[in-house]
Amino acid sequence: QVQLVESGGGLVQPGGSLRLSCVASGFTLPFYSIGWFRQAPGKEYEGVSCINYDNSGTTYADSVKGRFTISRDNAKNTVYLQMNTLKPEDTAVYYCAARKYYSCPATMSLGDYHYRGQGTQVTVSS
């Protein structure tokens, strides 16, 4: 059974940091590119970041460039999203998604991915 499980969310003050994890099971993670998406209340899904199957390339939304870093450890079937200098507008449910291609798509659209996790809540508030 294909499964993606996110963890690491929580409540953090503005300027703080969190590291999200996405653990994959039921499929061979190294053959997939992985993306992170988020959805704030009342808003559409937003692509946050993506990483190629072998760490050879990454993409970021303009809103998180310089603050977020995506990485992966294929031996652990895990992808990470390090989030620094968090802002209230980063508050959302964060999802990881797997795509059956080695490289990230040209645009960060959830429709380009084949599997998605259940999400983890990130709240940035003082």
Side-chain angles (χ1 to χ4, degrees):
Q1 179 182 357
V2 171
Q3 198 171 15
L4 292 166
V5 179
E6 303 93 338
S7 63
L11 173 64
V12 63
Q13 292 187 340
S17 298
L18 284 174
R19 188 176 81 155
L20 305 184
S21 298
C22 170
V23 179
S25 61
F27 65 100
T28 307
L29 185 68
F31 293 159
Y32 290 71
S33 54
I34 302 294
W36 282 96
F37 293 81
R38 65 187 181 186
Q39 187 176 33
K43 295 189 176 181
E44 298 291 322
Y45 284 102
E46 177 189 10
V48 174
S49 185
C50 181
I51 187 166
N52 288 353
Y53 80 109
D54 62 353
N55 280 308
S56 63
T58 57
T59 56
Y60 295 94
D62 288 343
S63 57
V64 306
K65 277 181 183 175
R67 300 188 299 120
F68 290 12
T69 303
I70 191 171
S71 62
R72 65 192 293 163
D73 185 340
N74 286 337
K76 295 183 178 179
N77 271 3
T78 303
V79 176
Y80 305 98
L81 186 68
Q82 178 67 45
M83 306 187 297
N84 298 328
T85 320
L86 283 161
K87 305 175 181 180
E89 52 264 43
D90 294 318
T91 296
V93 178
Y94 283 71
Y95 302 88
C96 64
R99 170 179 154 85
K100 293 179 183 177
Y101 296 98
Y102 289 163
S103 298
C104 293
T107 58
M108 283 188 280
S109 171
L110 191 56
D112 290 328
Y113 291 77
H114 299 90
Y115 308 116
R116 195 205 77 182
Q118 293 301 305
T120 184
Q121 176 71 46
V122 171
T123 303
V124 184
S125 175
S126 55

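All residue numbers in this chain count up from 1 along the given sequence.
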| note | Hits for side chain to side chain contact (heavy atoms under 4.5 Å, CB included) against Ser126, two or more places apart or cross-chain, chain-then-number order -> Pro14
| Non-hydrogen side-chain atoms of Val64 and Ser49 separated by less than 4.5 Å | no
| Do other residues, nucleotides or ligands put more than 12 heavy atoms under 6.0 Å from Gln118 CD? | no
| task | Given side chain to side chain contact (heavy atoms under 4.5 Å, CB included), test Asn55 with Arg72 step by step and report yes or no. | result | CA-CA 7 Å; Asn55 280 308; Arg72 65 192 293 163; 3.2 Å; yes
| By side chain to side chain donor-acceptor pair (under 3.5 Å) - contacts of Thr123 (at least two apart) | Gln121
| said: In terms of relative ring orientation, are Phe37 and Tyr113 parallel, tilted or perpendicular, with 30° and 60° separating the classes? | reply: perpendicular
| query | Considering only heavy atoms from C-beta outward, does the side chain of Asn77 approach that of Pro30 to under 4.5 Å? | reply | yes
| query | Given Tyr32, which of Tyr101, Tyr102, Phe27, Tyr53 fulfils the ring-ring contact (aromatic ring centres under 6.0 Å, His included) condition? | reply | Phe27
| task | Could you tell me whether the side chains of Ser63 and Glu46 share a donor-acceptor contact shorter than 3.5 Å? | result | yes
| Counting only N and O atoms by type, is there a donor-acceptor contact under 3.5 Å from the side chain of Glu6 to the main-chain atoms of Gly119? | yes
| said: The test is side chain to side chain contact (heavy atoms under 4.5 Å, CB included); show your working for Tyr80 and Thr69 and say whether it passes. | reply: CA-CA 8 Å; Tyr80 305 98; Thr69 303; over 6 Å; no
Side-chain atoms of residues 93-100: list all donor-acceptor pairs with protein atoms under 3.5 Å, sequence neighbours left out, distances to 0.1 Å.
{"unit_1": "Tyr94", "atom_1": "OH", "unit_2": "Arg38", "atom_2": "NH1", "d": "2.8"}
{"unit_1": "Tyr94", "atom_1": "OH", "unit_2": "Asp90", "atom_2": "O", "d": "2.6"}
{"unit_1": "Arg99", "atom_1": "NE", "unit_2": "Ser103", "atom_2": "O", "d": "3.1"}
{"unit_1": "Arg99", "atom_1": "NH1", "unit_2": "Asp112", "atom_2": "O", "d": "3.3"}

| task | Establish, from distance only, whether the side-chain atoms of Ser33 and Asn52 form a donor-acceptor pair under 3.5 Å. | result | no
| message | Does Glu44 have more than 12 heavy atoms from other residues, nucleotides or ligands lying within 6.0 Å of its CD? | response | no
| field | Validation row: Thr59, Cys50 side chains within 4.5 angstrom (heavy atoms) | value | yes
| query | Do the side chains of Val79 and Leu4 get nearer than 4.5 Å, heavy atoms only? | reply | no
